[in-house]
Peer 1: 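Got a structure for you, written out below as structure tokens; questions coming shortly.
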Amino acid sequence: MAEVKTADTVSHELIAFRVGAQEFCVNIMSVCEIRGWTEATVLPQAPNYVRGVINLRGAVLPIVDFAMRIGLPSTEPTARHVVIVTQINHQQVGLLVDAVSDILTINDESIQPTPDIASELVKEFVQGLLPVDSRMISLISLANILQTEEVLAA
Amino acid sequence: MTTDPMAAIRATFFVECEEQLGELESGLMAMEAGAADGETVNAVFRAVHSIKGGAGAFALDELVRFAHVFETTLDAVRAGRLQAAPALLSIMLRAADALADLVRVARDGGTVDAERIKGLAGELTALINPVAGAVPDAGTDMDDFDFEPVMIAETPAETKRVWNIQFKPHAELYAKGNEAGLLLRELGRLGEMTVQVDSSQLPDLADLDPEGAYLVWKICLTADCEESAIRDVFDFVEDECELEVAGAAGAEAPAEEAPPAAVPAFDVMALIGNAQEALRQEQPPPATVAVAQTPLPAALAAAIPAADAPPAGEAMGATIRVDLDRVDRLIDLVGELVINEAMLYQRSIEAGLTRASAVGIALEELERLTHEIQDGVMAIRAQPVRSVFQRMPRLVRQVAAQTGKQVRLVTEGEGTEVDKTVIERLADPLTHMIRNAIDHGLETTEQRIAAGKPAEGTVRLHALHRSGRIVIEVADDGGGINRARVRDKAIQNGLIAADAQLSDEETDNLIFLPGFSTADKISDISGRGVGMDVVRRSVQALGGRIVIASRPGLGSTFTLSLPLTLAVLDGMVVTAAGHTLIIPLGTILETLQPREGSMHALGTDLKLILMRGSYVPLADVGAALGFRSQPEESDGVAVLVEGEGGARTVLLVDAILGQRQVVIKSLEANYRAVPGIAGATVMGDGRVALIVDVDVMVNQTNSAVRAMPMPEPPAVSERTLAGVS
């Protein structure tokens with residue numbers, strides 16, 4: 001997610017996804033794969049946005065309900081929901097979202113800052129805003145999605 | 001991985017050094033124990049020689065110099081000019097330690113005590129000098145190392161000697177580009193020789209394998225040289241040929257030994273040329289792999305099959321060096337295969353196929369195969385505990401020197417195999433326990449003599465397999481745990497109340513409490529503020545237990561019991577509050593259906609169950625893990641489990657589904673540790689099931705009722721222990 005602000009030509013590919021009526025996107029480089037929803041095993045003493053763990057070809061993958069993580073009502077997953085498997089630092093984390101909507105190529109200068117009036121929770125994850133046609137897509141920073149210290153304190 | 005190829009080679013060199021040092025040490029120990037044969041001496045010599053060779057390639061001059069001196073002395077032992085007397089071995093062992101230090105410094109940086117190295121090098125040189133007759137050593141007890149003429153009929157007084165040499169190259173020798181002719185020419189430089197070729201094994205031309213090795217040379221060499229000089233000629237090919245060197249009794253040429261069909265003018269070079277051309281098709285004859293070299297002393301020793309001789313051949317077995325990542329990847333994949341196989345089976349049942357159907361039978365076969373593959377792959381990671389045990393003699397010498405005690409280390413069961421990760425993590429606790437055994441366990445020499453014991457204390461290190469686990473015992477024949485002192489110390493440190501009633505066993509277990517130290521004065525060796533609690537914790541982290549048995553005046557035995565592998569676990573599949581969970585089978589003592597009215601409430605939230613006449617605390621697994629808020633008043637199944645330290649708890653679950661071996665997956669890798677959960681596994685339906693951390697469950701429930709020492713957190717153990725009054 002290192003952004004090079006100086007060069008005009010720097011462009012990124014992003015994966016856009018939908019949660020409820022809102023659209024978000026993450027850097028394609030941090031996405032490992034996209035898969036359908038399968039029932040997760042509930043973990044004891046987990047924060048409410050951690051839906052549990054699933055088996056990803058032998059690895060135990062925690063699933064974060066993205067809607068709940070950013071303060072929206074929780075998702076009722078069906079077989080049509082998808083899990084975006086992302087690489088965050090050294091861990092793999094699955095994000096439960098409604099659907100993947102787009103793949104975008106953008107330049108840095110098209111990213112607009114998050115307005116100051118946004119809530120702390122929004123500012124924690126939303127790195128910037130992207131106007132695409134008539135849509136607004138929020139660029140998500142994954143670093144804090146599954147923050148261990150916060151989880152432990154919770 | 002590093003990109004610098006030199007760095008990679010260097011890393012390999014140091015890995016090999018560690019192995020060579022291990023071999024060196026065990027060889028020397030075998031010699032000290034009198035269980036050595038010629039091959040042991042050769043192995044020791046080779047170890048030092050290899051380190052020297054490798055060190056030379058990396059220009060590690062200090063290491064090369066010392067290794068050279070060491071090697072020279074060892075060569076004298078190998079040639080039988082020095083006898084492996086105890087005093088000599090003591091120097092050798094110290095030299096091995098010094099060599100290990102030099103290797104470590106070469107790898108990690110830092111400095112060694114140059115004076116010590118120099119001193120040892122001097123001692124080593126002094127050992128051989130009297131043999132050469134150059135410096136008659138005065139003062140020291142060098143009589144032991146005088147020339148020893150028995151082993152090999154070698155009479156250096158005579159200048160010219162006759163050697164009978166039989167040289168039988170294997171096909172590999174040629175395959176590696178060596179030429180017998182050149183070796184013979186080199187040998188010829190040592191003195192006068194007659195060479196005869198034994199071509200009796202040469203097949204007909206039609207049957208001739210162009211890259212085979214069929215010729216044996218018999219050389220009669222008359223030269224003024226040592227056996228080692230002859231062997232040096234074959235130094236680079238010693239593993240690819242059979243070489244016998246024998247000093248002939250007289251100076252006559254052994255003409256009668258020569259085979260009748262001697263064809264000295266056979267076209268050797270053409271044959272070698274052919275061999276090099278057709279390298280690829282070669283199937284080395286199986287015998288040549290095992291019979292690497294047959295030096296004379298070994299041949300003599302082999303004539304008497306020694307039952308208790310150290311298995312030198314075992315270490316010589318054909319091995320390959322494989323990157324651990326590859327093995328782990330393979331293990332992961334096989335784990336996947338097992339899961340897939342289970343899923344397939346489940347699908348077939350769902351599809352209405354029976355076990356007797358053709359598909360069912362094929363699946364059964366598949367199941368058998370996958371489990372065999374799994375066992376086989378797991379065995380790749382299994383290694384004998386020897387690599388850890390080998391480090392201990394040195395430790396014992398050090399600690400013995402520091403404490404001024406006489407200690408003998410007896411190791412047994414070094415060949416016991418266990419997973420590599422277990423071995424790696426075994427070294428620290430074992431080191432600590434052995435230090436403790438010598439420092440605290442054994443009495444001083446005076447005390448021992450006063451007690452009518454032999455002056456030399458014994459520490460026994462014993463590994464064995466017992467019911468699917470590896471058990472390691474560290475036993476000393478010292479004074480046993482001084483329970484009065486342990487108790488005083490515990491009271492003094494506020495770990496127990498002054499009037500606490502503790503059984504002997506409970507008292508012994510006090511030494512596992514954090515911050516406990518019985519040493520009257522903090523010693524260099526074991527009083528660094530870390531104690532048996534650290535040992536206990538690291539053993540527990542491996543899924544193991546530690547138990548003490550101590551008899552006053554007779555000594556203490558610490559018994560470690562560890563799982564053979566950290567990768568799989570036998571578990572009981574249960575359900576609690578609708579969730580599938582695994583309880584490690586090793587912790588389960590029994591399961592039962594609780595009778596009506598056998599459960600009793602105690603206080604606000606504690607329940608006890610009467611089992612075989614005693615009350616055992618009860619934990620509802622579903623509630624303990626937060627799957628349901630209220631313990632259910634249902635007819636569940638009670639599972640009696642035992643945590644570390646022997647505390648017991650009954651875990652109440654809804655139902656038992658069965659029993660199976662599961663592959664342990666880490667939750668920490670992608671998430672974090674979860675209290676009460678030891679790990680996860682993937683079930684036959686592809687879903688994740690959690691493995692219950694029995695120790696945590698037992699501790700949670702028992703901390704409320706019993707005054708058992710809890711390893712952590714310290715605050716809890718203090719509170720509960722104080723509560724005993």
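Order of the sequence lines fixes the chain letters, A, B, ..., with proteins taken first and strands second; residue numbering starts at 1 for each chain.
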Peer 1: Is there a donor-acceptor pair under 3.5 Å between the side chain of A:Asn55 and the backbone N or O of B:Val688?
Peer 2: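 Judged by distance alone, no pair lies under 3.5 Å.
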Peer 1: I'd like to know whether CZ of B:Arg329 has more than 12 heavy-atom contacts from other residues, nucleotides or ligands below 6.0 angstrom.
Peer 2: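 Check fails, neighbour count at 12 or below.
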Peer 1: Out of A:Leu43, A:Ile54, A:Asn89, which one racks up the most heavy-atom pairs below 4.5 Å with chain B?
Peer 2: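 Among the listed options, the one with the most contacts to chain B is A:Leu43.
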Peer 1: Taking atom CG of A:Leu56 and atom NZ of B:Lys665, what is their separation to the nearest 0.5 Å?
Peer 2: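 It comes to 10.5 Å.
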Peer 1: So for B:Leu625, is it side chain, backbone, both, or neither that comes closer than 4.5 Å to the heavy atoms of chain A?
Peer 2: both
Peer 1: Do you know which two heavy atoms are closest between B:Arg672 and A:Pro47, and how far apart they sit?
Peer 2: NH2-CD, 4.0 Å
Peer 1: Please check if the side chain of B:Asn670 supplies one atom and the backbone of A:Gln92 the other of a donor-acceptor pair under 3.5 Å.
Peer 2: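 Checked: pair present.
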Peer 1: Given side chains that start at C-beta, do those of B:Leu667 and A:Pro62 come closer than 4.5 Å, heavy atoms only?
Peer 2: no
Peer 1: Among B:Gly626, B:Ser666, B:Ala680, B:Pro675, who wins on heavy-atom pairs under 4.5 Å with chain A?
Peer 2: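 Between B:Gly626, B:Ser666, B:Ala680, B:Pro675, the count favours B:Pro675.
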Peer 1: Given heavy-atom pairs under 4.5 angstrom as the criterion, report whether the side chain, backbone, both or neither of A:Val42 touches chain B.
Peer 2: both
Peer 1: Do any N or O atoms from the side chain of B:Arg687 and from the backbone of A:Ala40 form a donor-acceptor pair under 3.5 angstrom?
Peer 2: yes
Peer 1: Please report the interatomic distance CD1(A:Ile63) to OH(B:Tyr671), rounded to the nearest 0.5 Å.
Peer 2: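 Between A:Ile63 CD1 and B:Tyr671 OH, I get 12.0 Å after rounding to 0.5 Å.
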